[in-house]
Peer 1: 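Right, I'll just put the structure down here and ask away after.
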Amino acid sequence: RRDPQQLTKSLIPHSITAEHGTMSPTSTVGLNTGLRALRSVANLRSSSLPEGAAKTAAAYLSGAPSGGKHSLPDLPYDYNALEPVISSETMTIHHTKHHNTYVTNLNASLEKLDAAVSSGDVGSILSLEGALRFNGGGHLNHALFWENLAPKGSAASELKDGALKDALVESFCGADEMKKQMSASSVAVQGSGWGWLGYNPKTMRLEIATRPNQDPLQPTTGLVPLLGIDVWEHAYYVDYRNVRPDYVNAVWDVVNWDVVEKRYLAAKGE
Amino acid sequence: LASTMSTSRVASLLMAAAVAASLPLDALATDGSCGSGIDCGAGIFHESLPYAPAALEPHISSETFSYHHGKHYAKYVNVANSMVEGTNLAGRSSEDVLLSAHESGSAGLFNNAAQAYNHAFFFKCMKPGGGGEPSGRVAEIIEKSFGSYAKFREDFAAAAVTAFGSGWAWLSLDPVEGKLVVTKTIGAGNPLTDGLKPLLTLDVWEHAYYIDYRNDRPGFVNVFLDNLVNWDFVNANLEALVADK
């Protein structure tokens with residue numbers, strides 16, 4: 001399965017260069033590159049295709065500049081797998097309704113974007129920024145979230161000795177201290193948003209950050225997402241009502257540390 | 001006088017009279033709420049729900065109110081008060097504090113004071129047997145500003161449904177343009193900071209509807225518009241603004 005992290009990197013605007021075989025107005029090349037990456041990142045269903053082919057196949061299959069339709073990725077576990085920390089009811093609504101709506105609305109926004117790009121209507125392109133950020137971010141964030149969770153008591157939910165544990169000691173004086181800080185930050189988010197453990201490629205250290213609404217971590221901060229905690233009320237209201245601290249404290253039991261470490265190694269490796 | 005006014009307006013005046021006469025607030029046999037525009041002289045406080053917690057069932061459950069009014073709103077009030085304690089904002093209304101916090105860029109104080117204001121305002125925007133088309137002055141001015149109630153309803157619903165996150169939909173008077181506008185705010189945002197005068201609001205933070213509607217925000221919005229809007233309160237707000245001029 002393609003690591004979403006590698007591909008979200010391409011959403012950061014670097015230098016704008018004309019894509020091979022893609023002649024576009026300079027102002028939209030960076031957007032197209034980013035959008036193609038976004039599309040590939042989000043199509044986790046293309047896990048049956050080899051890594052490189054998935055990206056190009058997606059673009060090939062669609063004539064649209066933004067790369068065509070995204071789809072809701074399957075959960076890596078059953079809907080009840082995270083009980084008693086997160087109920088089956090929450091997982092079902094969160095995945096099949098909330099995340100699915102982001103996917104649907106992202107696709108609708110990209111269709112509008114394609115039309116606007118094709119007709120060169122810059123005003124319309126710009127007017128889609130909010131919807132793209134919200135729905136694209138929502139899709140990215142949730143795709144990352146499902147993967148960094150694992151059943152309580154599973155092997156993946158144990159933090160093992162290794163590179164990640166060492167990095168937590170280096171950046172935070174240990175996992176417990178990091179959890180304390182990340183919990184505090186996540187609980188303190190005003191309104192809707194996310195708590196993140198991220199990798200800063202400049203300092204080569206781990207950092208905690210929060211993002212409002214569905215703003216995606218990497219495109220807006222440059223930090224590589226390692227672990228996300230959704231603190232939108234829909235993530236915990238069924239099970240914890242208003243007590244966000246109880247949810248955040250409990251969620252540590254269902255973190256998939258194997259995935260977090262894999263992401264860390266991939267981020268560091270680059 | 002009483003026959004030409006809404007009960008909430010009468011209650012507001014009674015409250016103001018009682019405060020002036022230095023009666024303890026809980027000695028009043030009112031619906032427990034301070035009217036809009038009336039400075040209760042008690043700073044930011046946890047205003048009682050204007051109706052019994054089960055009064056808006058089946059549209060909003062008493063369980064929702066136990067959390068929304070009893071926990072979320074109460075917390076904003078408590079945190080705002082702890083933040084203004086010992087400062088020159090202590091004892092000032094939530095409206096004054098939110099505007100001052102906005103001016104000074106104090107995000108934390110703004111969030112809590114504005115949410116205290118927004119929630120008190122929101123609970124008064126609903127009543128049992130409410131909703132549907134308005135009557136009175138607001139009906140005329142809605143017609144003038146939107147062309148029809150239907151257009152207003154469409155705009156308000158769209159604002160409520162498309163707020164990108166926790167937020168609010170508002171119907172406000174723009175005193176400069178002299179007409180009504182629909183806006184949406186995110187988080188604790190409040191139209192007062194844009195110089196608008198709020199008349200009606202709908203809370204679309206997920207905690208407002210998740211217990212009863214889960215993810216179905218559009219369903220909640222429709223129920224609010226069709227069954228809950230307290231047009232008496234909206235008219236009272238409008239009257240108060242007109243009277244101020």
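Every heavy atom of this structure was used, including side-chain atoms; hydrogens, water molecules and symmetry mates were not. Labels below follow one simple rule: chain letters A, B, ... track the order of the sequence lines, proteins then strands, and each chain is numbered from 1.
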Peer 1: Where do B:F164 and A:Q214 land on the side chain to side chain contact (heavy atoms under 4.5 Å, CB included) test, with the steps shown first?
Peer 2: CA-CA 8 Å; B:F164 285 154; A:Q214 293 297 352; over 6 Å; no

Peer 1: Could you check A:H234 against B:R217 for side chain to side chain contact (heavy atoms under 4.5 Å, CB included), going step by step and ending with a plain yes or no?
Peer 2: CA-CA 11 Å; A:H234 65 238; B:R217 191 196 284 189; over 6 Å; no

Peer 1: How long is the span from the OG1 atom in A:T96 to the CG atom in B:N215, to the nearest 0.5 Å?
Peer 2: 7.5 Å

Peer 1: Verify ring pair (Phe, Tyr, Trp, His ring centres under 6.0 Å) between A:H98 and B:Y210, making sure each step is shown before the conclusion.
Peer 2: CA-CA 12 Å; A:H98 292 279; B:Y210 220 79; 5.7 Å; yes

Peer 1: Distance from A:E233 atom CD to B:I211 atom CD1, nearest 0.5 Å?
Peer 2: 10.0 Å

Peer 1: Take A:K97 and B:D216 through the side chain to side chain contact (heavy atoms under 4.5 Å, CB included) test and state the conclusion after the steps.
Peer 2: CA-CA 9 Å; A:K97 308 277 180 197; B:D216 186 15; over 6 Å; no

Peer 1: Could you look at B:H72 and say if it's the side chain, the backbone, both or neither that has a heavy atom under 4.5 Å from chain A?
Peer 2: side chain

Peer 1: More than 12 heavy atoms of other residues, nucleotides or ligands under 6.0 Å from CD of B:E85: yes or no?
Peer 2: no

